[in-house]
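Read through the structure below, which is laid out as structure tokens, and then see the notes.
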Amino acid sequence: MQFYNTLGRKKEEFYTVDGNHAKIYVCGPTVYNYIHIGNARVFVFFDVMRRYLRQAGYEVTYVQNFTDVDDRLIEAAKTTSESVEQVAERYIDAYFQDMDHLGVERADVHPRATEHVPEMIEAIQQLLADGYAYEVAGDVYYRTKRKTDYGKLSQQTVADLKIGARVEVNDQKEDPLDFALWKASKPGEISWETPWGMPGRPGWHIECSVMAKKYLGDTLDIHAGGVDLCFPHHENEIAQSEALTGQPFARYWLHNGFIQMGDQKMAKSLGNVKRVVDLRSEYSAPAIRYFLLSVHYRQPITFTKQVMEQAEAAVERLQTAVNNVQHLLKQAEPGDVKPVLTEKLERLSNKVKAAMNDDLNTANAISVLFEAAKLANEEVAQQANQGSLQAIIDWFSLYGETLFGLVELSEAEILDHEIEMLIEKRQQARANRNYQEADQIRDELAAKGILLEDTPQGVRWKRKS
RNA sequence: GGCGGCAUAGCCAAGUGGUAAGGCACGGGUCUGCAACACCCUGAUCCUCGGUUCGAAUCCGGGUGCCGCCUCCA
């Protein structure tokens, strides 16, 4: 299994430090607002990565934080006259609702920054004691010059970064590249007491260093997030953590690409942010997942209406194939799975694995789902036996449902009696060649959201999506 | 100014040295009372110029265009 490691900028064979135990930390949301489709890409994709690692035999510990204190939260609380805690609570709930809807599993631990302040203060004290940090008027800054490898993740030297000259001016800092570990609070703001006198709150980067260490140890196997976090957030995490422990912080750094809105960046200032909570009523969850997973994770994706409609159609093709198999299964001849089919399915499984092993190429892996759908449809047309149909269902259960969450295998719902009667009545009418009545009943059912399909395997029905 | 990414059929998107996966849409056909589902058939020499090579979408160089990070934006 190979991953493209931002640290080193190349694909590397993946292996864990600790046997088959994979320790993963993913940067979670700052809970000052509803999450948007770009956030969802991170959470959906790395959730799929976790699922794949599990299928590949790893025991995964997956940690994803909530940043529940920062400038934006304080700002949001001010405008609604709430406490920072209330704002955080609301958007953490909203986060879980969005993720549940999209079929993203919970992390093993969802640590919150505000619940780890003592540990952060402890870490900052150690950095101060070891000369990696200095305090100015209640703020504490990390001294980036202290270690020579600062910039190794983003592959920029300290000199390069300075030439950039887009660093903020702050005459309190010894060096413009230094960043805040701790910020003194203004009166009335949320704050914690500190050993160095002034109350304040943690800087952004320190929480991830501290919480990752607490739940996963000094060295993580995988640290992941959006590509924008590469610098400065992840760079700074590395600096702090490695200053604290003397150990490599994370062995594989994975960064996913951005989502573009049409031809422009998605940004609040442009007013084109697509929130998941809004998308939920426009598109099905599988279609949103397909949109996010049908492109390799490091590539940018462009969000357009057309692409979403294509996603909807694509996913429907998969679901229809599964439905067709399940429909026939109820009335199929008993029998064992055909050896030829077993072989074909195994070949498809291997293709999925090969794609995923190659830097989690979900785009390629998903194309195999369509090959499987075609195979499924062929088997249905040939009136395959129970064993064969079940084998197809099992295949889709593993990859279509468990790995990618693009199809559902739940049992078809029970139709209510009235609808069953109508279907039966229409069959009578068709048998009597009374097509006018048959079509009328079909229209009637369509109005109730039930679509009928007359197939060589009998009448099928589905809910209008 | 520094660092980095991208450019493949109408649209989306894989492919990183041996003559272009998959999906959506379009058209033709089979099936069907019709419709739907499904199946079959149909489409590209890969932004451009030059180089390396027996051979390049794939490697190197120039050009054009688009984009990201360097601003607590995933």
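Order of the sequence lines sets the chain letters (A, B, ...), proteins ahead of strands, with each chain counted from 1.
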- Message: For G65(B), give the paired nucleotide (Watson-Crick: N1-N3 plus N6-O4 or O6-N4; G-U: N1-O2 and O6-N3; both under 3.5 Å), or none.
- Response: C6(B)

- Task: Name the nucleic acid region contacted by Gly38(A), choosing base, sugar-phosphate or nothing; use a 4.0 angstrom heavy-atom cut-off, strictly under.
- Result: base

- Query: Asn361(A) side chain N/O closer than 4.0 Å to the phosphate oxygens (OP1, OP2) of G15(B)?
  - Reply: yes

- Query: When all nucleic acid strands are considered with a 4.0 Å heavy-atom cut-off, which category describes Phe179(A): base, sugar-phosphate, or nothing?
  - Reply: nothing

- Pick the C1' atom in U53(B) and in C59(B), then give their distance to the nearest Å. 10 Å

- On a whole-Å scale, what distance lies between the C1' atoms belonging to A57(B) and U19(B)? 11 Å

- Message: Please classify the nucleic acid contact of Ile37(A) as base, sugar-phosphate, or nothing, using heavy-atom distances under 4.0 Å.
- Response: nothing

- Taking the C1' atom of each, how far is G27(B) from C67(B), in whole Å? 36 Å

- Task: Answer yes or no as to whether A74(B) has its base stacked against Phe258(A), where stacking requires a ring-centre separation under 5.5 angstrom and planes under 30 degrees apart.
- Result: yes

- Partners of Ala113(A) by side-chain contact (heavy atoms from CB on, under 4.5 Å), sequence neighbours excluded? Asp68(A), Val69(A), Met120(A), Glu207(A)

- Query: When you match Trp204(A) and Val315(A) each to their closest nucleotide on RNA chain B, which lands nearer the 5' end?
  - Reply: Val315(A)

- Message: Could you check whether Arg72(A) makes a cation-pi contact with Tyr32(A), meaning its NZ or CZ is under 6.0 Å from the centre of the six-membered ring and within 45° of the ring axis?
- Response: yes

- When you check the side-chain N and O atoms of Glu333(A) and Asn385(A), is any donor under 3.5 Å from an acceptor? no

- Message: Can you confirm if the aromatic rings of Tyr4(A) and Tyr252(A) lie within a centre distance of less than 6.0 Å?
- Response: no

- Item | Selection residues 303-313 of chain A - residue pairs positive for side-chain hydrogen bond (donor to acceptor under 3.5 Å, both in side chains), sequence neighbours left out | Ser284(A)-Glu312(A)

- When the distance from CG of Asp70(A) to P of A74(B) is rounded to whole Å, what number comes out? 9 Å

- Task: Select base, sugar-phosphate, or nothing to describe what His36(A) touches, counting heavy atoms under 4.0 Å on all strands.
- Result: base

- Sidechain N-carboxylate O distance under 4.0 Å for Lys274(A), Asp278(A): no

- Out of A74(B), A21(B), A14(B), which has the shortest distance to the side chain of Val42(A)? A74(B)

- Exactly one candidate in Asp454(A), Asp439(A), Asn434(A) meets side chain to side chain donor-acceptor pair (under 3.5 Å) with Arg426(A); the answer is Asp454(A)

- Rounded to whole Å, CD of Gln260(A) lies from P of A7(B) at a distance of 14 Å

- Sequence-distant partners of Lys448(A), salt bridge (Lys or Arg N to Asp or Glu O under 4.0 Å), two or more places apart: Glu418(A)

- Message: In whole Å, measure the gap between the C1' atoms of C73(B) and G68(B) for me.
- Response: 11 Å

- Query: With a 4.5 Å heavy-atom cut-off, do Val63(A) and Pro111(A) have their side chains touching?
  - Reply: yes

- Return the nucleotide paired to U71(B): Watson-Crick means purine N1 to pyrimidine N3 with N6-O4 or O6-N4, wobble means G-U with N1-O2 and O6-N3, both under 3.5 Å. none

- Query: When you measure from the centre of the six-membered ring of Phe404(A), is the NZ or CZ of Arg289(A) under 6.0 Å away and within 45° of the axis?
  - Reply: no

- For Leu406(A) and G23(B), give me the distance from atom CG to atom C1', rounded to whole Å. 12 Å

- Message: What is the separation between atom OH on Tyr297(A) and atom C1' on G5(B), rounded to the nearest whole Å?
- Response: 14 Å

- Task: Would you tell me whether Asn65(A) and Arg112(A) have side-chain atoms, one donor and one acceptor, within less than 3.5 Å of each other?
- Result: no

- Task: Calculate the interatomic distance between Glu235(A) atom CD and G4(B) atom P; express it in whole Å.
- Result: 13 Å

- Task: Once you apply the 3.5 Å cut-off to both distances, tell me the Watson-Crick or G-U wobble partner of G17(B), or none.
- Result: none

- Message: Which is more 5' along RNA chain B, the nucleotide nearest Cys27(A) or the one nearest Arg9(A)? Just name the residue.
- Response: Arg9(A)

- Item | Inter-nucleotide C1' distance (A56(B), U8(B)), Å rounded | 14 Å

- Task: Hunt down the Watson-Crick or G-U wobble partner of C59(B), both distances under 3.5 Å, from any strand shown, or write none.
- Result: G51(B)

- If you measure from the C1' atom in C41(B) to the same atom in C26(B), how many Å do you get, rounded? 14 Å

- Using a heavy-atom distance cut-off of less than 4.0 Å, which residues of residues 427-440 of chain A contact RNA chain B? Arg430(A), Tyr435(A), Asp439(A)

- Task: Could you check whether Glu312(A) gets within reach of a base, just the sugar-phosphate, or nothing at all, counting any heavy atom under 4.0 Å?
- Result: nothing

- In whole angstrom, give me the gap between the P atoms of G65(B) and A74(B). 31 Å

- Integer angstrom distance from the C1' of G43(B) to that of A25(B): 12 Å

- Query: When we call it a touch if two heavy atoms are under 4.0 Å apart, what does Gly203(A) touch: a base, just sugar-phosphate, or nothing?
  - Reply: nothing

- Message: Can you build the contact string for nucleotides 37-44 of chain B? Use B for base contact, S for sugar-phosphate-only contact, and - for no protein heavy atom under 4.0 Å.
- Response: BSSS----

- Hey, does Arg426(A) reach any base, or is it just sugar-phosphate, or nothing, if we go heavy atoms under 4.0 Å? base

- Task: With a 3.5 angstrom cut-off on both distances, give the Watson-Crick or G-U wobble partner of A38(B), or none if there isn't one.
- Result: U30(B)

- Query: Can you tell me how far P of C12(B) sits from CD1 of Ile301(A), to the nearest Å?
  - Reply: 13 Å

- For Lys11(A) and G15(B), what is the distance between atoms NZ and C1' respectively, to the nearest whole Å? 10 Å

- Check: His255(A) ring centroid to His234(A) ring centroid under 6.0 Å: yes

Distances under 3.5 Å between protein N/O atoms and the N/O atoms of nucleotides 9-11 of chain B, please, pair by pair.
unit_1: C11(B); atom_1: O2'; unit_2: Gln306(A); atom_2: OE1; d: 3.1
unit_1: C11(B); atom_1: O2; unit_2: Gln310(A); atom_2: OE1; d: 3.2
unit_1: C11(B); atom_1: O2; unit_2: Gln310(A); atom_2: NE2; d: 3.0

- Task: Compare side-chain N and O positions of Asn364(A) against OP1 and OP2 of A14(B) and report whether any pair is under 4.0 Å apart.
- Result: no

- Can you tell me if CZ on Arg9(A) sees more than 12 non-hydrogen neighbours from other groups inside 6.0 Å? yes

- Query: More than 12 foreign heavy atoms under 6.0 Å from CD of Glu189(A): is that the case here?
  - Reply: yes

- Message: For Tyr435(A), does the six-membered ring have the charged nitrogen or CZ of Arg430(A) within the cation-pi criterion, i.e. under 6.0 angstrom from the centroid and within 45° of the normal?
- Response: no

- Message: Expressed as a whole number of angstroms, how long is the span from Leu369(A):CG to C24(B):C1'?
- Response: 16 Å

